[in-house]
Amino acid sequence: MLELRLVQGSLLKKVLEAIRELVTDANFDCSGTGFSLQAMDSSHVALVALLLRAEGFEHYRCDRNLSMGMNLNNMAKMLRCAGNDDIITIKADDGSDTVTFMFESPKQDKIADFEMKLMDIDSEHLGIPDSEYQAIVRMPSAEFMRICKDLSSIGDTVIISVTKEGVKFSTSGEIGSANIVCRQNQTVDKPEEATVIEMQEPVSLTFALRYMNSFTKASSLSDQVTISLSSELPVVVEYKIAEMGYIRFYLAPKIEE
Amino acid sequence: QCIQKKITEYFSKT
């Protein structure tokens with residue numbers, strides 16, 4: 001038996017909108033730790049890892065570990081029927097081939113049940129080791145989204161370079177080239193607007209902008225985004241989910257032949 | 001010329 005009650009149901013709606021462009025079908029894993037997902041895009045270039053910790057739910061019952069295969073577009077269709085202020089409860093019985101999403105209005109005057117068919121998904125699970133990164137950039141998520149959108153009208157790839165001067169996002173294409181530099185800016189009274197750069201050593205990596213743009217769909221989950229870079233590793237683009245967990249996107253770099 | 005690496009070249013299956 002599984003029963004997870006999330007008072008801030010809009011978080012689940014936002015999570016779905018953030019990942020459904022990247023991943024079509026995925027297994028949601030439920031354990032004592034929390035509600036999680038790990039999935040790759042169809043090209044195996046990007047990976048998304050989601051964690052919603054058990055403590056973040058008002059009620060969390062998961063009698064035994066359960067993996068539920070869901071089509072994310074279908075799940076998004078169902079969650080779009082929940083109001084933004086609704087409380088969402090996810091329910092499933094052991095061995096069942098369906099999951100139920102229950103939506104309760106804040107005043108408890110409307111209760112809806114949506115039952116969705118589960119599917120068998122044969123997915124690879126990758127071990128992601130804890131790593132030291134050469135540079136970690138924390139910046140406003142809206143700013144990062146704007147930069148990725150702006151650069152993708154010029155080129156297909158972005159070179160992210162971190163030096164002691166700041167973080168530089170560069171692209172070039174048929175019509176020309178562009179460079180955007182963000183300097184460290186620790187605005188004291190508005191921490192959500194800060195740009196903080198922790199650099200062990202300079203790093204410069206190239207990534208496909210199409211994926212970066214897709215990751216920025218998670219911007220509504222968090223005011224800040226953290227970008228972790230190392231020359232030997234995929235970049236990690238992380239959005240914290242208020243008090244509950246995170247959504248992390250990993251993207252393999254493009255390497256010069 | 002850049003080649004796109006895959007995530008599976010960095011992280012292994014568990």
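Proteins get letters first, then strands, A, B, ... in listed order; numbering begins at 1 in each.
Applying the ring-ring contact (aromatic ring centres under 6.0 Å, His included) rule to A:Phe28 yields the partners A:Phe35; only residues at least two apart in sequence or on another chain are considered.
Between B:Ile7 atom CD1 and A:Asp41 atom CG the span is 8.5 Å, to the nearest 0.5 Å. In this structure, the separation between OG1 on B:Thr8 and CE on A:Met40 is 6.0 Å, given to the nearest 0.5 Å. In this structure, NZ in B:Lys6 is found 7.5 Å from NE2 in A:His44, a value given to the nearest 0.5 Å. Atom CD in A:Glu256 sits 10.0 Å away from atom CD1 in B:Ile3 (nearest 0.5 Å). Note that NZ of B:Lys5 and CG of A:Leu233 are 12.5 Å apart. Values are rounded to the nearest 0.5 Å.
Judged as a side-chain hydrogen bond (donor to acceptor under 3.5 Å, both in side chains), the pairs with a partner in residues 225-241 of chain A (not counting sequence neighbours) are, in order, A:Gln134-A:Ser231, A:Glu238-A:Lys240, A:Glu238-A:Arg248.
Proximity to chain A (any heavy atom under 4.5 Å) is restricted, for B:Ser12, to the backbone atoms N, CA, C and O.
At least one side-chain heavy atom of B:Lys13 sits less than 4.5 Å from a side-chain heavy atom of A:Leu126.
Counted within 6.0 Å of CG on A:Asp156, heavy atoms from surrounding residues, nucleotides or ligands total 12 or fewer; the atom is thus considered open. Within a 6.0 Å sphere centred on CG of A:Asp122, other residues, nucleotides and ligands contribute 12 heavy atoms or fewer.
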Apply ring-ring contact (aromatic ring centres under 6.0 Å, His included) to the pair B:Tyr10 and A:Tyr250, showing each step before the final yes or no.
-> CA-CA 10 Å; B:Tyr10 296 91; A:Tyr250 296 82; over 10 Å; no
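Closest approach of A:Gly127 to B:Phe11, counting heavy atoms only: O-CB, 3.5 Å.
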